Amino acid sequence: MSTFQTLTWLREKRSLRLLDQRRLPTEEFFLECRDLQQVAEAIKTLTVRGAPAIGVAAAYGVVIGIQEAVAAGNSINAQTLADIIEKLAATRPTAINLFWALERMKKAGEKSLKNDFDKDDLRDLLLAEADRIYAEDDQAHHQLGEFGIQLIPAGARILTHCNAGALACAEYGTALGVMRAAQAAGKNIKVYADETRPLLQGSRLTTWELLKEKIPVTLICDNMAAHCMAKGMIDLVIVGADRIAANGDTANKIGTYSVALAAKAHNLPFYVAAPTSTIDFSLADGAAIPIEERDPDEVRFFGEKRTAPAEVAVYNPAFDITPATLINAIITEKGIFTPNQLSGVR
Ligand code: MRU
């Protein structure tokens, strides 16, 4: 368990409490979501972010949506559930975990709707499924962390991009889960965290999280990664993933692809750590992974300060695709696989 709580279901209040990641690292503020709109907004605005955490938040969002419909006296049927799920699915397109979790909630809900159902039973059933998604997420990340240890030499200097930690998951983290496990195993690792423009998940979140965990971390700007590799300061790279295609092509935070290219050029291993729920076997390769484009002002501004002319054209993709050929291994809760072994995981 980490020293902070990214998402918490408040049982008495029947609401979802989120550590507001927009305000980190300067403020530890918790946002309580009581209605569906708040949960959808929280996912869209990156109050809660990171592929697994988005899935878990959406699962509780379905529970909240049903509670809201019941409280409003609306009729509860398959269409009510479908409308709630549609609203949550429309928040962010890239992370498959969102759709994976919503599919599970849909199946759980429909099963109970088929029978002669009681509204409270439906709500309890959905809550039980959301709790299971949370618990399985946490368990999978602990397991992948344990598998990942074998890839980490003692004293390893590890570069990571964006935040794939407990802030991005239920509790433990994927890329940072491997680092947590390696540290607990006495490997004395040192982490280099890319800043991760434009929204600075690396500098705002990864450094905050690693400092809390007492794992040594050094912050670098994104454009320093290749330089650090050339200087012999990095031994390996580990990143998370938002969606992995059947051939191993991986969507992750924009800039991951350049890190992978630089790692290849310097003959450094490049690992992706992700639960198997992140693998989208319906897509043969990364070309079909939808890439979210976000508000141009995220690039025109650096935090609160505008750093570009207000009228300048901007291209702001939130993710890129790292081809499987640049990935040495994918660390999952079921073991470590090369991209071309992934079909066996299915
Ligand atoms: O836009 P974000 O902050 O949600 O992007 C997050 C990432 O790209 C993470 O690396 C990815 O979701 C893996 S999280 C375990």
Side-chain angles (χ1 to χ4, degrees), residues 2 6-7 18-24 42-58 91-101 137-138 140-145 148 159-180 191 193-206 208-210 222 237-244 250-260 270-280 286 289-295 298-299 316-322 327 330-333:
S2 61
T6 303
L7 326 90
L18 301 171
L19 176 54
D20 189 338
Q21 301 193 31
R22 295 167 303 178
R23 302 200 191 192
L24 289 173
I43 296 174
K44 228 183 223 170
T45 57
L46 274 57
T47 301
V48 59
R49 33 83 30 218
I54 294 173
V56 176
T91 51
R92 297 193 76 188
T94 305
I96 186 73
N97 310 59
L98 172 67
F99 307 100
W100 170 87
D137 175 89
D138 188 38
H141 298 156
H142 276 88
Q143 276 164 355
L144 76 80
L159 177 74
T160 192
H161 190 75
C162 194
N163 172 268
L167 284 170
C169 305
E171 291 191 17
Y172 194 66
T174 57
L176 266 57
V178 175
M179 295 175 206
R180 276 193 168 85
V191 179
D194 275 350
E195 184 177 43
T196 318
R197 270 287 281 154
L199 294 182
L200 307 173
Q201 286 92 333
S203 64
R204 292 189 304 104
L205 308 178
T206 297
W208 180 85
E209 186 172 336
L210 290 175
D222 298 331
V237 180
I238 315 182
V239 296
D242 284 84
R243 195 185 296 221
I244 302 172
T250 294
N252 192 48
K253 179 52 56 196
I254 190 75
T256 303
Y257 177 33
S258 349
V259 175
F270 182 94
Y271 302 122
V272 171
T276 49
S277 52
T278 305
I279 307 171
D280 184 350
I289 298 178
I291 300 291
E292 177 183 8
E293 280 190 41
R294 293 186 60 88
D295 187 340
E298 290 181 353
V299 178
N316 185 19
F319 301 95
D320 60 23
I321 308 292
T322 298
I327 299 170
I330 299 173
I331 308 164
T332 76
E333 79 283 12

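Quantities reported herein were computed from a predicted structural model and do not represent experimental measurements. Order of listing sets the numbers, starting from 1, for every ligand and every atom in it.
- In this structure, Ala318 falls outside the shell of residues with a heavy atom less than 4.0 angstrom from ligand 1.
- The atoms of ligand 1 that sit less than 4.0 Å from any heavy atom of Ala168 are 14 (S), 15 (C).
- Numbered from 1 in the order shown, with element, the atoms of ligand 1 that lie under 4.0 Å from a heavy atom of Arg92 read 1 (O), 2 (P), 4 (O).
- Below 3.5 Å of separation, one finds an N or O of Lys253 facing an N or O of ligand 1.
- Taking every non-hydrogen atom of Thr174 and a distance limit under 4.0 Å, the qualifying atoms of ligand 1 come out as 15 (C).
- Numbered from 1 in the order shown, with element, the atoms of ligand 1 that lie under 4.0 Å from a heavy atom of Ala51 read 12 (O), 14 (S).
- Of all the atoms in ligand 1, the ones that sit under 4.0 Å from a non-hydrogen atom of Asp242 are 7 (C), 8 (O), 9 (C), 11 (C), 12 (O).
- Residue contacts with ligand 1 for Val239 are absent, since no atom lies close enough (heavy atoms, distance under 4.0 Å).
- Scored by the side chain to side chain contact (heavy atoms under 4.5 Å, CB included) test, Thr94 finds Asp242, Ala251, Ile289, Glu292, Phe319 as partners (sequence neighbours excluded).
- Which parts of ligand 1 touch Phe319 is read off a 4.0 Å heavy-atom cut-off, strictly below it: atoms 1 (O), 5 (O), 8 (O).
- Interface atoms of ligand 1 facing Gln201, defined by a heavy-atom separation under 4.0 Å, are 1 (O), 2 (P), 3 (O).
- For the 3.5 Å distance criterion, the side chains of Asn97 and Arg243 fail to qualify, holding no donor opposite an acceptor.
- For Leu200, the side chain to side chain contact (heavy atoms under 4.5 Å, CB included) criterion is met by Glu195, Arg197, Ser203, Arg204, Phe302, not counting sequence neighbours.
- If you number the atoms of ligand 1 from 1 as listed, the ones under 4.0 Å from a heavy atom of Ala164 come out as 14 (S), 15 (C).
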